[in-house]
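Below: the structure, in structure tokens.
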Amino acid sequence: MTDEQRAFPAQQQDPPGWTGQMSPRPDHGEESYRGSGRLVGRRALVTGGDSGIGRAVVIAFAREGADVAISYLPEEQQDAEEAARWVREAGRTVALLPGDITDEATARALPERAAEALGGLDVVVNNAGFQMARRESIEDVTTAEIDRVLKTNLYALLWVTQSALPFLKEGSAVINNSSIQAYQPSTSLVDYASTKAAINNLTVNLAAELGPRGIRVNAVAPGPIWTPLQPATQPEEKLASFGQDTPLGRAGQPAEVAPAFVFLASSSEASYVSGTVLGVTGGKPVF
Ligand code: NAD
Ligand code: MG
């Protein structure tokens, strides 16, 4: 396939972005993911589980036997309903938890809401994230953008993780969504990239503190993945060639990232894996 054939059609959305407006539609594993009982009986909270990588994780977790609580922004209700539909189709329980996690009380309440709905909580996936790349220079970055990026990506991760601890126990897992931006920062994503480097640092630190309690903490660092975040925050001219600068020469699909989360969530397969960052980058280095 040539670069031209791989190019994404021109499109733009306002944040947070919606799956239904994307062309082509992302692949969340709806037709391809086969579970093998790796998460039977686990109860998971997935922030940002309505769309993109989060939706692929939700579908994979449910097909592996987990019940899932999905956190998302109220304006993403339609995407959340679609993600929930696949969980029910897999025969598992789903809880929908709308709310803006840049608000401390909302973020802190999520683990309890999830545990109430699912009868407990074993896995926390801190996947929600925000970026803004429609800018030329650090001089264009506004305080409102810095607030939104840092609160969504860092504050909320800390709030949710803290509030989840009373529910987590031996065998539980926390999985954070990092990024290739932690290693190869783009100038247009100066604030976002710094949060992803911080998430890697937090992952190692939390693994050190929570290891003695039998709780594993890891991160996944995706490369360029075709999700609503991209048409909602990248300038149109960058979108066409999105992902073509990777060794594999293309953007990844959410379905290609979800198995890394399944592995890290599984207490049989990843029982001795903690404090690590697993790259799913199309070949870009994560060191
Ligand atoms: P996405 O837009 O589908 O998912 C992000 C989700 O975050 C949204 O659906 C939304 O529900 C949630 N969110 C954002 N702000 C929120 C808020 N204030 N309150 C509640 N929820 C909020 O896009 P995605 O690409 O799947 O993003 C998921 C994660 O993957 C993010 O952490 C992102 O940084 C990371 N990531 C994405 C890429 C990529 O290329 N798409 C690459 C590396 C890392
Ligand atoms: Mg969404």
Side-chain angles (χ1 to χ4, degrees), residues 8 13-22 26 28 45-58 70-83 96-104 106-107 109-110 125-133 147-157 159-160 175-186 189 191-200 219-234 238-239 242-243 245-246 250-258 260-261 277-282 284 286:
F8 290 103
Q13 293 193 40
D14 291 327
W18 291 268
T19 310
Q21 295 181 26
M22 293 177 75
H28 311 95
L45 167 64
V46 182
T47 65
D50 61 301
S51 60
I53 296 167
R55 187 191 288 187
V57 169
V58 165
I70 301 172
S71 133
Y72 55 99
L73 283 163
E75 59 264 42
E76 298 176 305
Q77 186 66 29
Q78 203 182 341
D79 267 347
E81 302 274 0
E82 174 66 7
L96 289 180
L97 308 178
D100 183 342
I101 61 170
T102 63
D103 173 65
E104 179 172 357
T106 304
L110 283 179
V125 179
N126 287 305
N127 165 72
F130 185 67
Q131 66 176 30
M132 181 39 69
D147 271 344
R148 186 165 177 180
V149 169
L150 269 69
K151 286 202 165 155
T152 311
N153 301 5
L154 276 184
Y155 283 56
L157 185 150
W159 290 329
V160 169
I175 309 165
N176 301 322
N177 204 332
S178 178
S179 171
I180 184 66
Q181 288 292 321
Y183 307 89
Q184 298 186 340
S186 303
L189 291 170
D191 43 359
Y192 172 86
S194 77
T195 67
K196 295 301 182 176
I199 286 170
N200 286 354
V220 175
I225 309 299
W226 185 237
T227 71
L229 187 66
Q230 301 304 340
T233 63
Q234 294 280 2
K238 281 209 187 144
L239 215 55
F242 182 63
D245 62 341
T246 60
R250 62 172 178 86
Q253 292 294 328
E256 297 180 283
V257 188
F261 285 86
V277 183
L278 184 46
V280 185
T281 60
K284 288 199 172 196
V286 287

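Order of listing sets the numbers, starting from 1, for every ligand and every atom in it.
Residue contacts with ligand 1 for E76 involve side-chain atoms from C-beta outward but no N, CA, C or O (heavy atoms, distance under 4.0 Å). Contacts of Y192 with ligand 1, taken as heavy-atom pairs under 4.0 Å, involve the side chain alone. With a heavy-atom cut-off of 4.0 Å, D50 touches ligand 1 through its side chain alone. The side chain of Q230, and not its backbone, has at least one atom closer than 4.0 Å to an atom of ligand 1 (non-hydrogen atoms only; side chain from C-beta on). Proximity of T227 to ligand 1, defined as any heavy-atom pair under 4.0 Å, is confined to the side chain (atoms from C-beta onward). Contacts of P222 with ligand 1, taken as heavy-atom pairs under 4.0 Å, involve both backbone and side chain. Heavy atoms of R148 found under 4.0 angstrom from ligand 1: none, in either backbone or side chain.
When each of D147, T152, V149, N153 is paired with T102, the side chain to side chain contact (heavy atoms under 4.5 Å, CB included) condition holds for T152 and for no other.
Among protein heavy atoms, the minimum distance from atom 1 (P) of ligand 1 is reached at S51 OG, 3.6 Å. Nearest non-hydrogen protein atom to atom 13 (N) of ligand 1 is A128 CB, 3.8 Å. With respect to atom 14 (C) of ligand 1, the closest heavy atom belonging to the protein is G129 O, 3.5 Å. The shortest contact between atom 28 (C) of ligand 1 and any protein heavy atom is with N127 OD1, 3.2 Å. Here the heavy atom of the protein found nearest to atom 17 (C) of ligand 1 is L73 CD2, 3.5 Å. Among protein heavy atoms, the minimum distance from atom 27 (O) of ligand 1 is reached at L229 CD2, 4.1 Å.
Distances from ligand 1 to the non-hydrogen atoms of F242 include at least one value under 4.0 Å. For A107, the closest heavy-atom approach to ligand 1 does not fall below 4.0 Å. Within the 4.0 Å heavy-atom cutoff, P228 counts among the residues contacting ligand 1. Not a single heavy atom of A232 sits less than 4.0 Å from an atom of ligand 1. By the 4.0 Å heavy-atom criterion, K151 is excluded from the residues contacting ligand 1. In this structure, S178 is part of the shell of residues with a heavy atom less than 4.0 angstrom from ligand 1.
When all heavy atoms of A83 and I70 are compared, the closest pair comes out as CB-CD1, 3.9 Å.
For the Mg ion (ligand 2), the nearby protein N/O/S atoms, meaning those under 2.8 Å, are D50 OD2, S51 OG, E76 OE2.
Of the candidates D79, I225, T106, the one placing a heavy atom closest to atom 41 (N) of ligand 1 is I225. Summarising the contacts of atom 20 (C) of ligand 1 with A56, S71, G99, the nearest heavy atom is found in G99. For atom 37 (C) of ligand 1, the nearest non-hydrogen atom from the set T281, I53, V125 comes from I53.
An N or O contact shorter than 3.5 Å is missing between F130 and ligand 1 by distance. An N or O contact shorter than 3.5 Å is missing between S179 and ligand 1 by distance.
In this structure, R55 does not pair ionically with E76, as no charged nitrogen and carboxylate oxygen lie closer than 4.0 Å.
For Y155, the ring pair (Phe, Tyr, Trp, His ring centres under 6.0 Å) criterion is met by W159, not counting sequence neighbours. In this view, E104 and R108 satisfy the salt bridge (charged side-chain N to carboxylate O under 4.0 Å, His left out) rule, not counting sequence neighbours. Partners of Q78 under the side-chain contact (heavy atoms from CB on, under 4.5 Å) rule, at least two apart in sequence or in another chain, do not exist in this structure.
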